[in-house]
Amino acid sequence: MIDAITAGLFALLTPQALLFLLIGVVYGLVIGILPGLGGVVAMALLLPFTYGFDPVATLALLLGAHIATIWGDSVTSILFSVPGSAKGLALCFDGYPMTKQGQAKRALSASATGALMGGIIGAIFLALCIPLIRPVILALGPSEYLMMALWGLTVIATFSDGSLMKGLTASVLGVLTAFIGMDVVTATPRFTFGSEFLMDGISFPVAMIGLFAVSEMMKMSIRGTPIIDRSLVREDSTVWQGIRDAFSHWWLVIRSSLLGLWIGVLPGVGASVAGLAAYAQAAQTSKTPERFGKGAVEGVIAPDATMGANEGGGLMPTLAFGIPGGESMAILLVAFIGLGIVPGPEMLTKNLDIVFSMVWIIVLANIVVTVIGLGITPWLARLPSLQANLMVPIVLSVCFVGAYATRGRIEDVLVAAVFGVVGYVMDKYRYSRANFVIGMVLAVMIERNLHISLNLYGKDFLLDRPIALAMLLFVLFTAVLPFWRARRKKRGVRGGAA
Amino acid sequence: MSVAMLALFGGVLWLCQDFGPRARMIPQPLAVFGIVLTLIQMVWHNLGHEEPPTMEMISVDANAIPAGGEGRPREERTQEQLGRWGEAGAFAIVALLVTMVFTAGIFPAVFVFTAGYLILSRYCSLLQGLAWSALMTLAIYLLFVLGLEMQPYHGLPGAWFQ
């Protein structure tokens with residue numbers, strides 16, 4: 001194993017591999033910052049350029065680009081409350097308030113350092129857990145995935161912004177929106193009104209562009225003032241503050257990284273769920289949860305650490321079984337085939353050096369992203385003070401071009417606009433846009449796994465799957481916990497007053 | 001807003017009748033759940049309560065601390081002062097850009113929209129506005145068309161040429 005570790009490192013330390021890594025990282029940062037385009041697009045566009053090169057250099061290019069998109073996504077979430085893709089959503093909740101308080105440098109550097117630490121922890125655990133993870137993955141079936149998705153729904157309470165009813169309504173709307181299009185289980189077109197375009201469903205990145213980016217620009221055009229008026233709020237934070245924050249919250253980073261690793265291991269769950277789950281666990285376990293949503297640095301560190309570690313986790317099923325952990329891992333699988341690498345048990349015996357090269361690529365790519373990120377943070381932190389009359393036309397234009405570029409369909413521009421209006425109205429009447437997105441993310445996973453569970457195990461599938469049953473009890477516990485804590489707090493207040 | 005929600009969920013419920021039992025297994029009960037939630041919300045508000053049943057939750061609100069750090073009311077006041085015209089203007093801006101994209105094609109629309117916005121908002125002079133928007137359109141074109149190999153949409157002129 002030691003031989004494989006050193007061979008993997010030396011294979012990466014060639015000029016070509018290092019150059020490819022750097023190109024991938026810079027390219028990934030640019031793609032990550034663009035609205036609607038995330039790691040999947042970044043890797044898919046690089047795929048044609050990967051043939052004919054050394055496998056490690058090619059993997060450095062692909063993984064470097066993919067890892068860089070994570071922080072790229074975070075940048076726009078923190079600075080403008082505009083997530084570059086679904087992954088960056090959780091960063092809006094505390095990153096943006098920090099920017100508004102003149103803490104943009106601190107938020108950006110904490111985010112970069114959190115992602116670095118998460119990435120390294122994820123890579124280390126990937127290396128350690130490869131032989132152990134196989135039985136765990138095989139023990140989980142569709143019923144357990146269904147329970148995981150239901151657990152994700154309990155996060156809704158966290159994002160309900162003061163009104164549980166409105167929060168739940170928003171998530172119901174999100175779930176129903178995700179059902180627009182052809183139902184893959186029954187081949188029934190749902191809510192398509194005969195439209196061929198709607199058969200493919202609503203593109204998730206396009207909906208995100210509308211809900212967050214377009215609606216924010218609408219708000220800015222009404223307000224007519226920049227995100228930060230420097231005459232009122234001075235940028236008084238430093239890059240070092242953010243780095244220190246990430247290190248001082250080391251336990252949160254470890255917990256979030258392990259959560260990200262675990263979610264990454266589960267095929268089909270994805271980094272967007274990971275970021276939201278990390279935020280929720282950070283808020284639920286905090287001694288001062290009331291600070292969350294108002295600029296708590298932990299709310300920035302936890303999602304980034306989780307998403308950093310998620311990549312290592314996602315590699316596990318991809319390498320060990322040839323089952324992609326997510327869309328980007330599916331693209332990596334295509335690259336493997338092009339490079340003549342066969343995923344499966346052989347990866348852990350014959351090609352172990354390539355596996356460790358990938359572990360090193362994750363570590364090195366994270367370091368390069370963080371170094372570049374910390375270097376450009378002072379310049380990035382100036383962007384929110386740009387005037388509204390400059391920001392609105394530029395961001396709106398990029399958003400619509402990004403919406404079109406997502407699938408190359410002009411109708412998506414209209415969809416982005418419609419969701420922009422929906423996002424604006426939801427924000428005005430305080431229906432949580434985050435809950436809408438959570439509903440959209442989890443809907444398909446819930447429906448698919450419910451149907452498969454019913455087909456495989458019948459109506460009483462929970463009785464056949466004790467792990468799923470235990471998970472359901474856990475889901476119920478976490479759903480009831482906030483109500484119970486509120487009741488206890490209320491009693492405490494009454495008792496104190498008496 | 002609640003009436004619109006009720007109509008929406010009612011519509012979903014009605015549309016679900018056309019689906020098979022498997023296809024409506026989740027959407028139908030969800031629509032019913034949505035109607036129940038909206039009705040509770042309406043009743044609760046009409047009884048004079050501000051918020052529905054309490055729970056310990058974290059108020060996640062990106063607008064909680066606007067520029068100036070004076071809390072949400074300042075922003076709300078500003079929006080109220082701007083009135084409905086500001087809102088209508090924002091809707092019009094989005095509608096205008098979408099219409100331009102569909103008719104003139106994506107890059108001419110971006111150029112005309114950014115130039116128009118910069119000049120009419122008096123952010124810069126006519127020449128500066130044209131120069132800035134040309135530069136930005138070129139940057140977007142290079143990034144998306146040359147860098148990301150996106151096939152640009154040409155709008156109505158494209159259809160005529162075909």
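Values in this document were obtained by computation on a predicted structure and should not be read as measured data. Order of the sequence lines sets the chain letters (A, B, ...), proteins ahead of strands, with each chain counted from 1.
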Original post:
Side chain, backbone, both or neither: which part of Val214(A) has a non-hydrogen atom closer than 4.5 Å to chain B?
Top reply: side chain
Original post:
What residue, out of Val30(A), Ile446(A), Leu414(A), has the most heavy-atom pairs lying under 4.5 Å from chain B?
Top reply: Leu414(A)
Scan the side chains in residues 18-39 of chain B for donor-acceptor partners under 3.5 Å anywhere in the protein, sequence neighbours excluded, and list what turns up.
from     : atom 1 : to        : atom 2 : distance (Å)
Arg22(B) : NH1    : Asn455(A) : OD1    : 3.2
Arg22(B) : NH2    : Asn455(A) : OD1    : 3.1
Arg24(B) : NE     : Gln28(B)  : OE1    : 3.4
Arg24(B) : NH1    : Phe19(B)  : O      : 2.8
Thr38(B) : OG1    : Gly34(B)  : O      : 2.7

**OP:** For chain A, find its close neighbours in residues 99-112 of chain B: heavy-atom separation under 4.5 Å, sorted by number, or none.
**Re:** Val101(B), Phe102(B), Ile106(B), Val110(B)
Original post:
Does a sphere of radius 6.0 Å around OH in Tyr141(B) hold more than 12 heavy atoms from other residues, nucleotides or ligands, not counting ones at 6.0 Å or beyond?
Top reply: no
Subject >> Heavy-atom proximity to chain B below 4.5 Å, by part of Asn389(A) >> reply: both
Original post:
For Ser397(A), is it the side chain, the backbone, both or neither that has a heavy atom under 4.5 Å from a heavy atom of chain B?
Top reply: both
Subject >> Residue Leu120(B) versus chain A: region with a heavy atom under 4.5 Å >> reply: neither
**OP:** To the nearest 0.5 angstrom, please state how far the OH atom of Tyr117(B) sits from the CE atom of Met391(A).
**Re:** 11.0 Å
Subject >> Per-residue contact mode, Thr169(A) against chain B (heavy atom under 4.5 angstrom) >> reply: both
**OP:** State, to 0.1 Å, how close Phe191(A) and Cys16(B) come at their nearest heavy-atom pair, and which atoms those are.
**Re:** CZ-SG, 4.1 Å
**OP:** Can you see which heavy atom on Tyr404(A) is nearest to which on Gln151(B), and at what distance?
**Re:** OH-O, 2.5 Å
**OP:** Would you give the length of the straight line joining atom CG of Leu118(B) to atom CG of Leu390(A), rounded to the nearest 0.5 angstrom?
**Re:** 6.0 Å
**OP:** Under 4.5 Å, counting heavy-atom pairs only, tell me which of Leu173(A), Leu450(A), Asp183(A), Val425(A) racks up the most with chain B.
**Re:** Leu173(A)
Original post:
So do the side chains of Phe400(A) and Val94(B) get within less than 4.5 Å of each other, counting heavy atoms only?
Top reply: yes
Original post:
Can you list the steps and then say if Val172(A) with Phe9(B) is a side chain to side chain contact (heavy atoms under 4.5 Å, CB included)?
Top reply: CA-CA 10 Å; Val172(A) 168; Phe9(B) 290 128; 3.5 Å; yes
Original post:
Side chain, backbone, both or neither: which part of Glu447(A) has a non-hydrogen atom closer than 4.5 Å to chain B?
Top reply: both
Subject >> Verdict with supporting geometry, Ile93(B) and Met218(A), side chain to side chain contact (heavy atoms under 4.5 Å, CB included) >> reply: CA-CA 8 Å; Ile93(B) 285 166; Met218(A) 286 172 73; over 6 Å; no
Subject >> Heavy-atom closest contact (Pro393(A) atom, Phe113(B) atom, distance) >> reply: CA-CE2, 3.6 Å
**OP:** Using non-hydrogen atoms and a 4.5 Å limit, figure out which bit of Phe212(A) sits close to chain B: side chain, backbone, both or neither.
**Re:** neither
